[in-house]
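Report on the structure given below.
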Amino acid sequence: MWLFVAFLLVPLVEIALFIQIGGFIGLWPTLGIVVLTAIIGTWLVRTQGAMAIGQLRSSFQKLDDPTEPLAHGAMILIAGALLLTPGFFTDAVGFSLLAPPIRKSLFQFLRKRIKVRRFEMGPEGPRDMKRKPGPRQRDDVIEGQYEEVDPPKTPTHGSSGWTRH
């Protein structure tokens, strides 16, 4: 139901804002603002997204919990979609999602409401809850030797006179 309300209310709010702002400053300045916010938003999403990917790589290298960089990346992606959508309300929400303090507070808000049972990561990879902690034992490894054999090449067409088969 919330999704239906959002899909109904957001366009209505955008239309109302276009009418109000367009009536106050005129058509061309209104369209100019929409194009300008899309350009600035694209640049900001690109730079913030690159920083988020760097933080995610860093968390993987340090074997830290990657949930916060992943959440920031998702919020930046949502911000990009909102900034490319023409409108003043979506631009305001998109620009607010690009502010790191707002993203951090939104992440903390969501973290309190979402329960993760358990997540472990280490050199052995994610661990199963039923197994004992410790190094992973691989009992499905079969040692052997192999030799690559290329299949014989067969022509897929008749001779054209230009090639030899």
Side-chain angles (χ1 to χ4, degrees), residues 1-131 133 135-136 138 140 156-157 160 162:
M1 191 63 179
W2 289 104
L3 197 57
F4 173 72
V5 171
F7 277 116
L8 183 67
L9 286 181
V10 170
L12 291 175
V13 169
E14 292 292 3
I15 291 169
L17 286 173
F18 271 121
I19 291 170
Q20 290 295 318
I21 294 172
F24 186 69
I25 64 173
L27 172 68
W28 293 111
T30 304
L31 293 177
I33 290 171
V34 169
V35 171
L36 185 64
T37 57
I39 292 170
I40 293 171
T42 302
W43 178 77
L44 284 172
V45 165
R46 200 169 179 192
T47 56
Q48 296 260 332
M51 287 191 321
I53 288 174
Q55 291 169 349
L56 183 63
R57 283 184 183 150
S58 174
S59 72
F60 283 145
Q61 287 174 349
K62 295 177 185 175
L63 297 176
D64 288 340
D65 182 13
T67 54
E68 189 167 358
L70 281 171
H72 283 276
M75 286 186 260
I76 292 169
L77 183 67
I78 292 168
L82 291 172
L83 287 168
L84 288 176
T85 304
F88 294 103
F89 177 71
T90 53
D91 285 349
V93 174
F95 279 122
S96 67
L97 282 176
L98 288 179
I102 291 178
R103 281 198 317 263
K104 191 162 189 76
S105 63
L106 184 60
F107 174 73
Q108 295 301 328
F109 173 79
L110 292 174
R111 179 177 247 175
K112 291 177 185 175
R113 283 162 179 62
I114 297 174
K115 301 292 181 202
V116 177
R117 292 181 190 240
R118 188 168 171 184
F119 181 83
E120 287 186 27
M121 196 149 169
E124 301 90 30
R127 294 187 181 146
D128 189 3
M129 303 300 155
K130 298 173 189 168
R131 292 187 324 106
R136 249 172 117 155
R138 299 279 318 245
D140 61 344
T156 58
H157 56 281
S160 66
W162 290 91

Does atom CZ of Phe18 have more than 12 heavy-atom neighbours from other groups under 6.0 Å away? yes

I need the minimum non-hydrogen distance between [X] and [Y], along with the two atoms involved.
| X | Y | result |
| --- | --- | --- |
| Ser59 | Asp65 | CB-O, 4.4 Å |
| Val45 | Gly80 | CG2-CA, 3.5 Å |
| Ala81 | Thr85 | O-OG1, 2.8 Å |
| Ala71 | Phe107 | CB-CD1, 3.4 Å |

Side chains of [X] and [Y]: does their closest heavy-atom pair fall under 4.5 Å?
| X | Y | value |
| --- | --- | --- |
| His72 | Gln48 | no |
| Thr67 | Arg111 | yes |
| Leu106 | Leu97 | yes |
| Thr42 | Leu83 | no |
| Ile76 | Arg103 | yes |
| Phe88 | Val34 | yes |
| Pro69 | Arg57 | no |

Measuring from [X]:[atom1] to [Y]:[atom2], what's the distance to the nearest 0.5 Å?
| X | Y | atom1 | atom2 | answer |
| --- | --- | --- | --- | --- |
| Gln20 | Leu17 | CD | CG | 8.0 Å |
| Gln61 | Leu56 | CD | CG | 10.0 Å |
| Leu27 | Leu31 | CG | CG | 4.5 Å |
| Leu44 | Ile39 | CG | CD1 | 12.0 Å |
| Met75 | Ser96 | CE | OG | 11.0 Å |
| Ile53 | Gln55 | CD1 | CD | 10.5 Å |

Thr37 side chain vs Ile33 backbone, donor-acceptor pair below 3.5 Å: yes

Heavy-atom donor-acceptor pair, Glu14 side chain to Thr90 backbone, under 3.5 Å: yes

